[in-house]
Amino acid sequence: MYKQGKYIIAEKKAIAKGVFDLTVSCPEIAALAEAGQFAQVAADGFFLRRPISICDIDKERGTIRLVFEVRGKGTEKLSDLQKGGLIDIIAPLGNGFTVVEGGKAVCVGGGIGTPPMLGIAKKYGENAQVISGFRTAGIAILQDDFAAAGCQTTLCTDDGTAGVHGFVTAPLEERLKSDKPDIVYACGPMPMLKGIANLCKQYGVKCEVSLEQRMACGVGACLVCVCRTVRDGEQILSHVCKDGPVFDGEEVDFT
Amino acid sequence: MYKQGKYIIAEKKAIAKGVFDLTVSCPEIAALAEAGQFAQVAADGFFLRRPISICDIDKERGTIRLVFEVRGKGTEKLSDLQKGGLIDIIAPLGNGFTVVEGGKAVCVGGGIGTPPMLGIAKKYGENAQVISGFRTAGIAILQDDFAAAGCQTTLCTDDGTAGVHGFVTAPLEERLKSDKPDIVYACGPMPMLKGIANLCKQYGVKCEVSLEQRMACGVGACLVCVCRTVRDGEQILSHVCKDGPVFDGEEVDFT
Amino acid sequence: MSERLKVNICGVEFKNPVIPASGTYGYGREYESLYPLSKLGGISVKGTTLNPRQGNQGPRVAETPAGMLNSVGLQNGGVKKFLEYEMPNLLTKDIRIIANIAGASVEECAELASLIDPSEVDMVELNISCPNVKQGGAAFGTDCAVAAAVTAAVRKELPHKPLMVKLSPNVTSITDIAKSVEAAGADALSLINTLLGMRIDIRTRRPILKNNVGGLSGPAVFPVAVRMVWQVANAVKVPIVGMGGIATWEDAVEMMMAGASAVQVGAAIFADPYAPVKIVDGLEQYCIDNSIANISEIVGTVQPW
Amino acid sequence: MSERLKVNICGVEFKNPVIPASGTYGYGREYESLYPLSKLGGISVKGTTLNPRQGNQGPRVAETPAGMLNSVGLQNGGVKKFLEYEMPNLLTKDIRIIANIAGASVEECAELASLIDPSEVDMVELNISCPNVKQGGAAFGTDCAVAAAVTAAVRKELPHKPLMVKLSPNVTSITDIAKSVEAAGADALSLINTLLGMRIDIRTRRPILKNNVGGLSGPAVFPVAVRMVWQVANAVKVPIVGMGGIATWEDAVEMMMAGASAVQVGAAIFADPYAPVKIVDGLEQYCIDNSIANISEIVGTVQPW
Ligand SMILES: Cc1cc2nc3c(=O)[nH]c(=O)nc-3n(C[C@H](O)[C@H](O)[C@H](O)COP(=O)(O)OP(=O)(O)OC[C@H]3O[C@@H](n4cnc5c(N)ncnc54)[C@H](O)[C@@H]3O)c2cc1C
Ligand SMILES: Cc1cc2nc3c(=O)[nH]c(=O)nc-3n(C[C@H](O)[C@H](O)[C@H](O)COP(=O)(O)OP(=O)(O)OC[C@H]3O[C@@H](n4cnc5c(N)ncnc54)[C@H](O)[C@@H]3O)c2cc1C
Ligand SMILES: Cc1cc2nc3c(=O)[nH]c(=O)nc-3n(C[C@H](O)[C@H](O)[C@H](O)COP(=O)(O)O)c2cc1C
Ligand SMILES: Cc1cc2nc3c(=O)[nH]c(=O)nc-3n(C[C@H](O)[C@H](O)[C@H](O)COP(=O)(O)O)c2cc1C
Ligand code: FES
Ligand code: FES
């Protein structure tokens, strides 16, 4: 179940260099949305929509947040959108994260893979540890939001300019060793996801990863958005928009 | 000599249903422009520019006026342009009207062919009679501007809702009979121009008409904007953007 | 639904001439969140092959100016799954069902036809023009003799269904192919499939598509599609279903004036999933505004200079 | 001008690889209001015929999504006027001059070549692909044997100039044509010319172009052009000048990676007359940013999957 429409942008913030945070007023979509799902966003003048994760959902206010980084010409165009203006989206799309009721979770976000972690981390509040990795301190985002949700936050930077110096896998492994969570969620570059999925397998912890692929329809009709997965020992091509974007870590063929 | 650039829209007015009047601040273009020339206007999201006549030129303020009617999707897009925003134009293009110094002129505009008459009528002030034809009173434009320039105005409507009931050719012929002007300028639909050119020929008055054709470059390089003309008895295909848009009435092959 | 939009294509009546194009609409399931399929005249389902196919590796899509490339490579569950799983669902939807089929050999195409003939599909669309598969595909659609042979073989195994053959635009003379296919027994033609194209990621110096090349569709190709439909309409007697870049009702009218009895809408759906419905509504209003009793009146009415 | 952008195409050195495409830039006169021609590597002049031609009636242009159709039909003043009036002017501009020629017959092409051979043009571009003329034009470019014959005839009459042959995209296999033309003596190939297309005015039910059909160019065709350049680059040894929809320096880089030694820029100039100059500047900056000593290093470097 999803909707398409033009919705009012209730808020717009630049939260880091080239990273924008839009709050969109779309009650019908907010009512349906779950953490981990995404939106297909139209960029004026571009033929294909851009997939952007739903970062956060406020069911009461009827809003969702979309946090995106300017990567190319389409996201650059999206960055021109203004508060009070309209944004054309199809949402919510895909499958969200599995919530382990009453459980403890670790949410691992790498770079612009961090936003989709907010919605799911909030489900766990203080039972969530959020490990975020960024290239450098200046582009770290959403740390206050995670803190405000009561989550424990661990910030890593590749260059050591803030938090732990190094990759997210080190603090994750520490945690997996010390106090096993019920589930690990991850979004970020493929090598990071691969490392995380391997660690989780090693420590016997369920892991869900959110994948990316170039898309057209976003709803499962065109079959362009394939990723390689394994089901029942068999290699199959799944579709990120419909079978994902959230996949079980063991299901993904990272080779 | 022409320029290309993005210039500030100093004023925007809706002067009739679907007819807009933009004043563009472009000193370098205003300095070069002559009555009868045109601009190639970029419409966001459309590949080709739209040719729009320069309606009026204020060399002191460094502005030109572009008055256009929403005809299709491109001019509709242009109608979204706002005061304070930028307009991307190439101008001034083509050949303007020939001015008969100290002479008397009749300027005949049909519908959206009226705007290009303002700049040239102003050159003659009270020595210009401006005959404007519109389908109906509600879409008559620029009559105050002509009056403010001291011109004598004759308004015609096809349906008789204002001014003379009927076509512009009737008052023109009256004038040609009674008080021969030195020159007649005309812009509007082809049948109207043909009628005017014929009348002028009959009464032996020089006549200049402004033609339209679909364009690409607007500067004479691509050769798409042909119109049929006769030079030295020979039929040739001329180019509206470079050889025109103003042609001698006798030169145009109206067949 | 009004009488204004009813069209008949080789004996099959469509409530309106708007059909989502094969491969762009799955089997309709995904768009039912937005509107019932019954709003549309028909559906051309995802290309169906004898056996299930995984298709090509990803990325399978690249954006282009006013269009896109795809290199899906006929991923589908095979004809058995189509008949057993998709058909029963589609039959409840009050929409004409066009089975789009593709085979790696003449025999395979014929076998597919024989399996589909007894089913309740309304029409078969034989795809001899897929640029994204190694065997069959476009190779069938770019040679007159081969195109005729595969058409004839399928025609023979399809005694109970009208056969529409889908042509490739990647040819020197689409009218030659059209005439060959018509002579071989096609009851209708559909065109165009995608134009072969390529995009390169200049940072990585690699093609964006894992398949290197893919099929171009979307508004960019519209003028090529209109030209080809017009040429083919002037060369054959069978009805034509026109497609390629149609995004608005005005595009649909233009395509029909060029000679198409109905239209398929593909890539435009990705930009606006309501596009096919808006086209239906736009055509209805167009008929009202222009006192057109039935939209078929405009088919092929363009008057060349 | 820096060394970074110098390219050599069959012995002719261009100060940079950016060349306005034939028919879109006249003889350069119109754009000198904006910038000196010397900024550009070369100019491919308007298609030149033996005798003056009026071309087709208007309208000759129709807008399309991200592109346009044209049906100029080779309006030009004939070879004599080109040599006597345009050449002296061009020779003062510090820019490589490519004479684009087209003939209605093999003999006419050969005669044109013989008249141009003694002139000071740097290179001849034989257009065997114009879709807008009744005789010659695309008919030459869609058949391997004919394409080879006209190439050989022109090659013979052109002992002192490199010969570049311009290919049509309206063919089933552009590599077959390319190989035939290469074997017949072409020193370089340029591609693509325009794709045949049509637009209809739905109010008047008439084609927008008086010629009914015309040639599609502009960004819409870019992915088709990249694909064809890549295919041809893998099929021939002679250098390729790539064109079709190039509008930005990124497009130029993409085309060169696909296999083009230089690029021509056409319809994009109508949208932005500074486009060729911006492409030159963008390429220069690209070389600096990526430590590329000479832009030729990127030619054909796309690594297929
Ligand atoms: C399910 C999903 C969720 C995502 N969530 C977010 C998010 O929350 N925040 C965020 O900043 N980014 C997110 N992305 C990535 C985002 O979609 C791309 O950065 C964006 O599409 C790039 O568009 P562009 O026009 O700037 O780049 P261009 O390179 O100019 O785009 C060209 C084409 O490639 C596609 N494309 C390019 N990169 C990607 C990519 N990484 N994934 C998918 N398509 C791509 C574009 O959509 C477009 O069709 C997500 C991607 C997916 C698949
Ligand atoms: C020299 C000249 C001066 C003009 N001056 C004015 C003016 O001052 N005010 C005004 O309202 N209009 C003027 N026009 C007409 C104006 O250019 C068209 O109304 C406009 O281009 C239509 O664009 P569209 O996108 O709304 O229509 P569409 O039909 O969607 O346009 C499609 C294409 O056809 C072209 N086109 C359509 N109609 C015309 C036309 N009549 N002339 C040229 N190209 C056309 C468009 O430019 C575009 O390339 C002038 C035309 C010319 C040639
Ligand atoms: C993602 C995608 C998948 C397609 N798959 C098929 C297919 O399976 N069979 C087929 O005949 N055509 C297929 N096509 C071609 C379309 O049916 C249609 O011919 C083409 O896209 C042109 O129409 P459009 O421009 O409206 O998209 C596919 C097109 C796209 C974009
Ligand atoms: C208005 C116009 C006129 C053209 N005239 C010629 C010509 O005379 N000779 C020729 O070889 N190509 C001609 N072409 C084709 C271009 O040179 C070029 O091959 C084509 O437009 C593709 O490039 P583009 O997409 O950058 O425009 C013409 C193109 C246009 C748009
Ligand atoms: S994007 Fe169409 S199926 Fe995933
Ligand atoms: S529009 Fe290009 S020559 Fe007139």
Side-chain angles (χ1 to χ4, degrees), chain A residues 1-6 28-29 32 40-51 71-75 77 88-94 190 211-231 234-244 252-253 255, chain C residues 20-35 43 45-47 52-77 132 199 201 203 208-210 214 217-220 245 247 266-275:
Chain A
M1 195 60 183
Y2 62 87
K3 304 279 176 188
Q4 182 269 333
K6 292 185 182 176
E28 51 183 19
I29 288 173
L32 296 166
Q40 274 282 69
V41 184
D44 201 37
F46 293 84
F47 189 66
L48 295 176
R49 290 169 179 263
R50 268 57 182 167
R71 280 282 181 84
K73 294 189 177 174
T75 45
K77 193 78 198 177
D88 180 344
I89 59 179
I90 308 178
L93 300 173
M190 280 305 256
L211 302 187
E212 291 190 2
Q213 180 54 285
R214 290 174 187 254
M215 293 185 178
C217 72
V219 302
C222 74
L223 309 185
V224 302
C225 60
V226 278
C227 61
R228 286 178 298 140
T229 57
V230 184
R231 256 176 219 165
E234 212 190 332
Q235 283 233 351
I236 58 166
L237 291 175
S238 293
H239 295 99
V240 172
C241 76
K242 201 181 182 183
D243 305 316
V252 179
D253 177 359
T255 56
Chain C
S22 177
T24 65
Y25 209 74
Y27 305 89
R29 294 178 186 271
E30 288 77 15
Y31 290 104
E32 286 192 293
S33 288
L34 299 181
Y35 48 85
I43 174 172
V45 303
K46 175 65 197 168
R53 276 180 64 95
Q54 292 257 31
N56 296 317
Q57 294 292 329
R60 290 178 174 179
V61 64
E63 195 177 43
T64 72
M68 57 173 273
L69 299 173
N70 90 80
S71 57
V72 171
L74 289 181
Q75 178 170 28
N76 79 103
N132 291 321
R199 289 305 306 266
D201 182 332
R203 279 164 306 177
I208 288 177
L209 300 174
K210 200 67 173 252
S217 62
I269 298 170
F270 309 149
D272 178 4
Y274 284 101

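Letters A, B, ... mirror the listed sequences (proteins, then strands); counts begin at 1. Here the structure is a predicted model, which is why all the values come from computation and not from measurement.
A heavy-atom distance below 4.5 Å is not found between the side chains of I89(A) and Q4(A).
A220(C) does not touch chain A: none of its heavy atoms, backbone or side chain, sits under 4.5 Å away. Contacts of P59(C) with chain A are made by both backbone and side-chain atoms, with heavy-atom separations under 4.5 Å. Only the side chain of K46(C) has a heavy atom closer than 4.5 Å to any heavy atom of chain A. Residue K242(A) touches chain C through its side chain alone, counting heavy-atom pairs closer than 4.5 Å. Looking at E32(C), there are no atoms closer than 4.5 Å to chain A (heavy atoms on both sides), in backbone or side chain. Heavy atoms of A271(C) lying under 4.5 Å from chain A belong to its backbone as well as its side chain. Only the side chain of R49(A) comes within contact range of chain C, with heavy atoms under 4.5 Å apart. Heavy atoms closer than 4.5 Å to chain A are found in the side chain of Y274(C), but not in its backbone. There is no contact between Q40(A) and chain C, counting heavy-atom distances below 4.5 Å. At a 4.5 Å heavy-atom cutoff, A42(A) makes no contact with chain C through either its backbone or its side chain.
In terms of modelled atom types and a separation under 3.5 Å, the side chain of T229(A) and the main chain of L237(A) share no donor-acceptor contact. A side-chain donor-acceptor contact under 3.5 Å links R199(C) to the backbone of E63(C). Without hydrogens or angle criteria, R50(A) side chain to T75(A) main chain gives no donor-acceptor distance under 3.5 Å. Checked by atom type and distance alone, the side chain of N56(C) pairs as donor or acceptor with a backbone atom of S71(C) at under 3.5 Å.
For the atom pair N76(C) CG and Q54(C) CD, the distance stands at 11.0 Å (nearest 0.5 Å).
What you find for C227(A) and L211(A) is that their closest heavy atoms are SG-CD1, 3.8 Å. Minimum interatomic distance between C217(A) and Y31(C) (heavy atoms only, all atoms of both residues): CB-OH, 3.5 Å.
Of all the listed residues (D88(A), L223(A), I236(A)), the one sharing the greatest number of non-hydrogen pairs under 4.5 Å with chain C is L223(A). Ranked by heavy-atom pairs shorter than 4.5 Å toward chain A, the options G55(C), A62(C), P273(C) are led by P273(C). The candidate from I269(C), I208(C), T64(C) with the greatest count of non-hydrogen atom pairs under 4.5 Å with chain A is I208(C).
The only option from N70(C), V72(C), L69(C) that meets the side chain to side chain contact (heavy atoms under 4.5 Å, CB included) definition with R60(C) turns out to be V72(C).
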